[in-house]
Amino acid sequence: MLDLNFVRDNLPLVEEKLRQRGMNPAEVLKGFRELDTNRRQAITEAESLQARRNRASEEIAKLKKSGQDASAMTAETKESRDKIQELEKTAAEYETQLRQLLAGIPNLPHDSVPVGKSAEDNVEVRRWGTPPKFDFAPKPHWELGEQLGILDFERAAKLAGARFAVYWDLGAKLERALANFMLDLHTREHGYTEVLPPYLVNSDSMYGTGQLPKFASDLFRVPHGDRELWLIPTAEVPLTNLYRDEIIDGTRLPVSVTAYTPCFRSEAGSYGKDVRGIIRQHQFQKVELVKFSRPEDSYGELEKLTRDAESVLQKLGLHYRVVTLCTSDMGPSSAKTYDIEVWLPGQNLFREISSCSNFEAYQARRANIRYRREGKGKTEFVHTLNGSGLAIGRTWVALVENYQQSDGSVLIPEALQSYLGADRITARKL
RNA sequence: GGAGAGGUGGCCGAGUGGUUGAUGGCACCGGUCUUGAAAACCGGCAUACCCGGAAGGGUAUCGGGGGUUCGAAUCCCUCCCUCUCCGCCA
């Protein structure tokens, strides 16, 4: 959420940034001026009446203390109460509408973000490694996985339905090995603190990071008595909300946390997209990186966080590129996003494996996450960042496709061998 | 699931209808003292919103919401959360 005063004072800038995102400012900001003015008018009126009533109450107290009759005054203040309540109700209605409008405004893209109309306008910033060469036609992971007997879609469909997978044997172990490898790397070498958060969260948490109210249809909702909980679509939600409604000691910033969690996405509206393999599942596992930063440091931290995620691919020897998402392709909460895309030879394309974003104060304002600078009493909103470090399922895919051999087996890169307890995956007997 | 206790400012902790935004302590900031530091002492120190060019003024906030009252942190209702004990259970 953007700051109300900022929007009011910088309307032309907000409109320009909305246009850059490919949105229609007139539509997004429809009624802003009127709501803002009406709200303030109602507040001013209610407050001046209230002030008068408060003074009258003081008078009554004095009269009563000295034993005098105050019935004339009590009648008067009683009367003004209804009027005040009415005005307050009006003000609250305007406030609600204004907040809704404000919550619907996406974050303003940072000035360094390329302006563009679609994903085609994303800008590649660097490329690492080289694609592996094959003297045979490399297969996609779903063929390899089933041939090796480590991926089982039929039984997953029986258990849960489409967009689920069962991993067998070294396929399952590979998931676990990757998770441990990534967590160890980030906690030992990059300064992240490991966290194991709840996988179900309340609506306040989902609102804090921006999944609600807009993206409810992408989430799995779990009824709980007469309330509800939500399955996390990413550990970003519980991790960022760790400090919701808190004031962080400024000397502790930046705070960096990481967690390995399952992620649940209903993927409503993506029917027919990436139906083969495990690229797009209702459940997948991910190691997430989240940072809380001082505003002036957040873009430096974004670079670091992105490099932290990249280092996973480098240690695994996987070819990838980093792109800056253009204004139209970025998520609404983000001010700047880098996507890391890994090379998948079986499908002959680069595929997103991590998305690293700086949300500036957008989430912090929604979730009320502040910090106090040393020596200053005033609190400020922190900047929040996050990125996958990495999506385990897609890393699994990249390994299998990039390290496949002509005999259908898969070599395991050295960094991972001790975690997996094997240097090669060969077909298992079923 | 049953019984009980409690939710107050960055933290601890007073406060049971009338200048209580809220005593006190800690922490923090400034100052005196000191070669420096500590200690001691003095002073300062909540947030949001509204009006205002500013100075300043106003309103709200003691878990959330509603009610009683001229007036509520204080009384009533309701919801949420935390803790303790019992039961059940991974």
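Just so it is clear: chains get the letters A, B, ... in the order the sequence lines come, proteins before strands, and each one is counted from 1.
- If you take atom P in B:rU59 and the same atom in B:rA73, they sit 14 Å apart, rounded to whole Å.
- Comparing A:Asp3 and A:Thr77 against RNA chain B, the residue whose closest nucleotide sits nearer the 5' end is A:Asp3.
- For the pair A:Ile248 CD1 and B:rC11 C1', the computed distance is 16 Å after rounding to whole Å.
- Using a 4.0 Å heavy-atom distance criterion, A:Arg8 is classed as a sugar-phosphate-only contact.
- When the P atom is used for both B:rU69 and B:rU74, the distance is 16 Å, rounded to whole Å.
- Pair assignment for B:rC85 gives B:rG2, based on Watson-Crick or G-U wobble hydrogen-bonding distances that are each under 3.5 Å.
- Nucleotide B:rC41 is matched to B:rG31 when pairs are restricted to Watson-Crick or G-U wobble geometry with both distances under 3.5 angstrom.
- A:Trp396 and A:Tyr167 have perpendicular rings, their planes meeting at more than 60° on a 0 to 90° scale where under 30° would count as parallel.
- B:rU16 is unpaired under the criterion used here, namely a Watson-Crick or G-U wobble arrangement in which both key atom distances are under 3.5 Å.
- Regarding A:Gln50, its CD atom lies at a distance of 16 Å from the P atom of B:rU69, rounded to whole Å.
- Ring-plane geometry between A:His186 and A:His190 is classed as tilted, the angle between the planes lying from 30 to 60 degrees on a 0 to 90 degree scale.
- Counting to the nearest Å, the C1' atom of B:rG52 and the CD1 atom of A:Ile43 are 16 Å from each other.
- Both distances falling under 3.5 Å, in either a Watson-Crick or a G-U wobble arrangement, place B:rG7 opposite B:rC80.
- Taking the C1' atom of each, B:rA22 and B:rG18 are spaced 14 Å apart, rounded to whole Å.
- Here the nucleotide nearest the side chain of A:Ser57, chosen from B:rC70, B:rG10, B:rC49, is B:rC70.
- Considering only side-chain N and O atoms, A:Arg39 lies under 4.0 angstrom from the phosphate OP1 or OP2 of B:rC50.
- Between the P atom of B:rU47 and the CZ atom of A:Arg372 lies a distance of 7 Å, rounded to the nearest Å.
- Pairing partner, B:rU61: B:rA46, with both Watson-Crick or wobble hydrogen-bond distances short of 3.5 Å.
- Using P as the reference atom, B:rG6 and B:rU16 are 14 Å apart when rounded to the nearest Å.
- Nucleotides B:rC77 and B:rU20 place their P atoms 29 Å apart, quoted to the nearest Å.
- The interatomic distance linking A:Lys62 (NZ) with B:rG71 (C1') rounds to 14 Å, in whole Å.
- If you check B:rG18, B:rG58, B:rC49 against the side chain of A:Ala61, the one that comes closest is B:rG18.
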All N/O donor-acceptor pairs, side-chain side in residues 89-101 of chain A, below 3.5 Å, sequence neighbours left out:
| unit_1 | atom_1 | unit_2 | atom_2 | d |
| --- | --- | --- | --- | --- |
| A:Thr90 | OG1 | A:Glu86 | O | 3.0 |
| A:Glu95 | OE1 | A:Arg39 | NE | 3.2 |
| A:Thr96 | OG1 | A:Ala92 | O | 2.9 |

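- Ranked by how close their nearest RNA chain B nucleotide is to the 5' end, A:Arg53 and A:Thr44 are led by A:Thr44.
- Across the protein-nucleic acid pair, A:Arg52 atom CZ and B:rG57 atom C1' stand 16 Å apart, rounded to whole Å.
- One atom, CG of A:Asn54, and another, C1' of B:rC70, lie 11 Å apart when rounded to the nearest Å.
- Base-pair partner of B:rG71: not found among the strands shown (Watson-Crick or G-U wobble, both distances under 3.5 Å).
- The same atom, P, is picked in B:rA27 and in B:rC41; the two are 12 Å apart, to the nearest Å.
- Partner assigned to B:rG36 is none, using Watson-Crick or G-U wobble distances below 3.5 angstrom.
- Note on A:Ala56: nothing from the nucleic acid sits closer than 4.0 angstrom, heavy atoms only.
- In this structure, the side chains of A:Ile392 and A:Phe284 stay at 4.5 Å or more apart for every pair of heavy atoms.
- Rounded to whole Å, the distance from CZ on A:Arg40 to P on B:rA48 is 17 Å.
- A donor and an acceptor atom, one from each side chain of A:Glu236 and A:Asn386, are located under 3.5 Å apart.
- Here the straight-line distance linking atom CE of A:Met182 with atom OH of A:Tyr192 works out to 13.5 Å at 0.5 Å rounding.
- A:Ala235 approaches A:Ala259 most closely through the heavy-atom pair CB-CB, 4.3 Å.
- Comparing B:rA72 with B:rG17, their C1' atoms are spaced 6 Å from each other, to the whole Å.
- If you take atom P in B:rG67 and the same atom in B:rA14, they sit 31 Å apart, rounded to whole Å.
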